[in-house]
Amino acid sequence: MIFLTLHVLLNVVFALSTRVAQAGRYDYFFIATVNYVLAAVVATIWAVLSGSLKIDQATLIFGSVQGIQYAGTMVGVYWLLTRSGVGVTFILLRLSVVIPTAVSIVVFGERPGPIAIMGLTLLLVSIPLLAGSRTVVRGGRSGWYWPSIIGLLVFTGAGIAASKAFNELSEPTHAPMFVCVAFVASVPVAVGIYMFRHRLQTDLSQSMGGTSTARPLVIGAVMGTANVVQLTFLVAALDVLPGTIVFPIQTSAAMLLTTAAGMLYWRERHGRTAGVGVLAAVIGMGLVNL
């Protein structure tokens, strides 16, 4: 469980770093690009030092899928952060756990027991409860809000499922190269998004990033380090635990911690529905671990 715990904590660090980048009126997509470039460098150094430079088909395909998803999701993250805050943003993204969990059951034949199924059900129920909770939304929710959410969840879930597919179809010794491929693949996507950021970040002309690059670089460095290490621990966790356990626990634990940080630091507020969701998530996590 130590690998899963470290993955969750670093995932939360990454999530909160994105909120700092957006709330601080920095050049958000510059920071995101720094994050992926640094992560690619760190991952490449790790792969070289580990001596694991062989790339099989599963590593190349699923690593690339994971990397493209990572960088592409940053557009959706920014769009949600400006409307719903960090808590709801990452709660909604956690809904994508349905896809890799289903893949673990349907494709790879994992069969959780009755108590674990009850826990999984509560975990999945907790997410829409929290996502549907009342929160202050800037810019309003247009008719495209939920269709965009669904598309983002499918896209995110496909990337997460790629980590599971890699663990099933490749060798554990290829993990450093999988991480390397993922972040190298993310760089051109991140750079491409950065080039068109003026269409995405409408307040870019007022960005604080134009006066100093030191702080954005630090934020990007924190994001990049947390990003590459959290993926490393996710791959390690999936090597010793079934995906039907890893993905729901990852989802609920990261969701609760991110939401709590948003409420404490950025004063994000949610309605009574959120309380029910939190209770369901805590009980579900307990049942899954029985």
Side-chain angles (χ1 to χ4, degrees), residues 1-24 35 70 73-74 76-78 80-81 83-98 100-101 119-120 122-136 152-153 156-157 159-160 163 219 222-238 241 243 245-289:
M1 291 294 289
I2 184 64
F3 292 139
L4 182 55
T5 300
L6 291 172
H7 162 69
V8 168
L9 292 176
L10 287 164
N11 204 287
V12 171
V13 170
F14 174 80
L16 297 181
S17 297
T18 64
R19 177 59 163 145
V20 170
Q22 180 270 323
N35 150 52
Y70 270 163
T73 300
M74 295 304 294
V77 169
Y78 177 78
L80 280 173
L81 283 172
R83 289 163 173 78
S84 303
V86 68
V88 170
T89 293
F90 283 90
I91 288 170
L92 290 173
L93 289 178
R94 301 302 174 190
L95 278 165
S96 61
V97 72
V98 173
T101 301
L120 291 172
L122 283 173
L123 290 179
L124 295 176
V125 167
S126 72
I127 300 173
L129 285 173
L130 283 161
S133 66
R134 185 176 60 190
T135 187
V136 177
L152 182 60
L153 297 184
T156 304
I160 301 173
S163 294
I219 298 172
V222 171
M223 287 175 63
T225 304
N227 212 352
V228 69
V229 179
Q230 66 84 20
L231 179 57
T232 302
F233 283 128
L234 174 60
V235 172
L238 287 169
L241 294 171
I245 299 298
V246 170
F247 294 123
I249 290 181
Q250 168 212 50
T251 294
S252 294
M255 174 189 67
L256 294 174
L257 291 173
T258 305
T259 303
M263 295 176 67
L264 291 173
Y265 190 78
W266 286 286
R267 298 293 188 267
E268 297 174 1
R269 292 292 176 262
H270 310 286
R272 293 181 179 179
T273 306
V276 178
V278 170
L279 180 61
V282 171
I283 296 175
M285 288 173 63
L287 291 176
V288 165
N289 283 285

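Residues take their numbers from the sequence shown, with the count starting at 1.
- Among all heavy-atom pairs drawn from Phe3 and Phe233, the shortest one is O-CB, 3.5 Å.
- Under the ring-ring contact (aromatic ring centres under 6.0 Å, His included) criterion, Phe14 pairs with no residue, sequence neighbours left out.
- Between Ala280 and Leu122, the shortest heavy-atom distance links the atoms O-CB, 3.6 Å.
- Between Leu234 and Asn11 there is no side-chain heavy-atom pair separated by less than 4.5 Å.
- Contact record, Ala237 with Val246: O-CG2, 4.0 Å, taken as the closest heavy-atom pair.
- Considering only heavy atoms from C-beta on, Tyr265 stays 4.5 Å or farther from Leu16 through its side chain.
- The OG1 atom of Thr18 lies 10.5 Å from the CG atom of Leu80; values are rounded to the nearest 0.5 Å.
- Closest of all the heavy-atom pairs between Val222 and Ser17 is CG1-OG, 3.6 Å.
- The two atoms that bring Gly157 and Pro100 nearest to each other are O-CD, 3.9 Å, heavy atoms only.
- Within the model, atoms CD1 of Ile249 and CG of Leu241 stand 7.5 Å from one another, a figure rounded to the nearest 0.5 Å.
- Here Asn35 contributes atom CG and Asn227 contributes atom CG; the two are 5.0 Å apart, rounded to the nearest 0.5 Å.
- Contact check for Leu257 versus Leu9: side-chain heavy atoms found under the 4.5 Å cut-off.
- Residues Val8 and Ala253 approach most closely at CG1-CB, 3.8 Å, considering heavy atoms.
- Looking at heavy atoms from C-beta onward, Val13 lies out of side-chain contact with Gln230 at the 4.5 angstrom threshold.
- Taking CG of Leu238 as the start and NE2 of His7 as the end, the distance is 8.0 Å to the nearest 0.5 Å.
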